[in-house]
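So the structure is just underneath, and the comments pick up after that.
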Amino acid sequence: MDKLYTKKIAAIIGMQWGDEGKGKLVDILTEKYDIVARATGGANAGHTIYHEGKKIIFHLIPSGMMHKDKICVIGNGVVVHIPTLIEELNTLKEFGIKAADRLYISDRAHIVFDYHKIIDGLQEERKGEASVGTTKRGIGPAYTDKISRIGIRIGELNNFESFSKRFMENVRLARIMYGNFEYDENRELDYLKSITPEILPLIINTQQYLNDAHKKGKSILLEGANGTMLDIDHGTYPFATSSNASIGGIISGSGLAPQINPIIGILKAYTTRVGSGPFPTELNDEIGKYLREKGGEYGSTTGRPRRCGWFDAVIAKWTAMINGITEINLTKLDVLSGLEKIRIAVSYELDGKKLDSLPYAANDFARITPVYIEMDGWKEDISGAHKFQDLPKAAQKYVEKIEELTETPIKYIGTGTKPEDLIIIS
Ligand code: IMP
């Protein structure tokens, strides 16, 4: 495996609605790469890791920072909430880890301010029943400013005076749009001024840095955020996040031209979703509850219970295609142990007609009837399995069926919460 992963650019991408369990593979593969970079999303993502017996959740900084010889990059496509960044830098300090010379932040990454979070909440409130169920981290409003060409980029902290002017102007515009919401802009500005000296040394042109490093033979692991079904173009719009969570976003959000291989897709062995929006295989019954409790399906960013359902091969096939997935990590297979029968959605019907692909409209998506196949479950605890052959026959058949339906090889199978609970198929 070592040889396979040298001097390469790899990407890890969620193939469902986020929370597929990317963390374990990211941690394992980090060992094989020189640089770990994020290119999309913001503090809406959450990555839980266990270090020296402590549970740590990173929302912005790549968890590769916990591996002392790795360089980590927050790319131009990420939106950065600075107080969250500072919190995470403080967590690193608690473990004796310094960011200097190991963490770089793109000068072009846009800033999420606290008023973006307030606007996120206001938009959700105004949408009423049509609310997206966002993480309220200000992601949508920050990307809106970026696309409206009024966004403020982190590099602008280099000239605090002009930064302040632009910031105050944007707050003024936001108040015209959203009324006189409760918010102390002077306080936020004072705070930003106080922490700017800590952040400035980390800010560089990361597009140039990543390309130069790659040219010099460094390998790069690009860590996706959110999930392809939340992608603003390819997901269940408008019940989506405000960026491209798929491979396109990773390319534009890093500045690395297409040369990524492997593109590793993360697929949970069943499906979950947080927030609102269509979810054809959702289970509002005892099995759904079983998956939630056994799989610990509560959001790492918001703590919200995740909606749970059967594996949906229609979306898996779609996201394999959209991303050009070269290999899959099937995660949390152990959660399915103990179920008598397991279902997989293999196609969709709408108004009695078979669909060739995913509908574009959310209200059609919500009316879909999934067509299922049913497979035998298995009783055995599989967390000790380290080889595919160690799995019960029914579990092997389930994995093979997903491989067949997605037309993509499954290379890794997650069989439990511990780092070693992983089958690598060579
Ligand atoms: P936003 O990204 O906070 O605007 O939220 C938009 C939708 O994406 C909501 O349904 C969120 O719950 C969902 N979402 C955003 N990021 C993640 C993630 O990392 N995992 C799971 N769901 C997410």
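Atoms within each ligand, like the ligands themselves, are counted from 1 in listed order.
The backbone N or O of T319 lies less than 3.5 Å from no partner atom in the side chain of T228, so there is not a single donor-acceptor pair. Counting only distance, with no hydrogens or angles, the side chain of D120 and the backbone of H116 share no donor-acceptor pair below 3.5 Å. For R175 (side chain) and F181 (main-chain N/O), a donor-acceptor pair under 3.5 Å exists by modelled atom type.
Distances from ligand 1 to the non-hydrogen atoms of G133 include at least one value under 4.0 Å. Within the structure, the closest approach of A240 to ligand 1 falls below 4.0 Å when heavy atoms are considered. A45 counts as a contact of ligand 1, since one of its heavy atoms falls under 4.0 Å from the ligand. Heavy atoms of R304 come nearer than 4.0 angstrom to ligand 1 in at least one pair.
Nearest-heavy-atom check against atom 1 (P) of ligand 1 across T302, T241, I232, T272 picks out T241.
Counting atoms of ligand 1 from 1 in the listed order, those under 4.0 Å from a heavy atom of L230 are 8 (O), 13 (C), 14 (N), 17 (C), 22 (N), 23 (C). Counting atoms of ligand 1 from 1 in the listed order, those under 4.0 Å from a heavy atom of G275 are 10 (O). The W17 neighbourhood of ligand 1 comprises atoms 21 (C), 22 (N), with distances under 4.0 Å to a heavy atom of that residue.
Between D120 and ligand 1, no N or O atom pair is found at a separation short of 3.5 Å. Considering both main-chain and side-chain atoms, N44 comes within under 3.5 Å of ligand 1 through a nitrogen or oxygen pair.
Under the 30°/60° scheme for interplanar angles, the aromatic rings of W17 and F279 are found to be tilted. Note: Y209 and Y104 have tilted aromatic rings, judged against thresholds of 30 and 60 degrees for the angle between ring planes.
Considering R306, R273, K268 as possible partners of D19, the one that fulfils the salt bridge (charged side-chain N to carboxylate O under 4.0 Å, His left out) test is R306.
By the 4.5 Å heavy-atom criterion applied to side chains, E297 and P305 are not counted as neighbours. A heavy-atom distance below 4.5 Å is not found between the side chains of L192 and I111. Using a 4.5 Å heavy-atom cutoff, the side chains of K24 and E420 are not in contact.
Distance from atom 20 (N) of ligand 1 to its nearest protein heavy atom, with residue and atom name: D19 OD1, 3.1 Å. When only non-hydrogen protein atoms are considered, atom 5 (O) of ligand 1 lies nearest to T134 CA, 3.4 Å. The protein atom (non-hydrogen) at minimum distance from atom 3 (O) of ligand 1 is T135 OG1, 2.5 Å. Of the protein's non-hydrogen atoms, N226 ND2, 3.6 Å is the one closest to atom 17 (C) of ligand 1. Among protein heavy atoms, atom 10 (O) of ligand 1 sits closest to V274 O, 3.2 Å.
To the nearest 0.5 angstrom, L92 atom CG is 9.0 Å from C72 atom SG.
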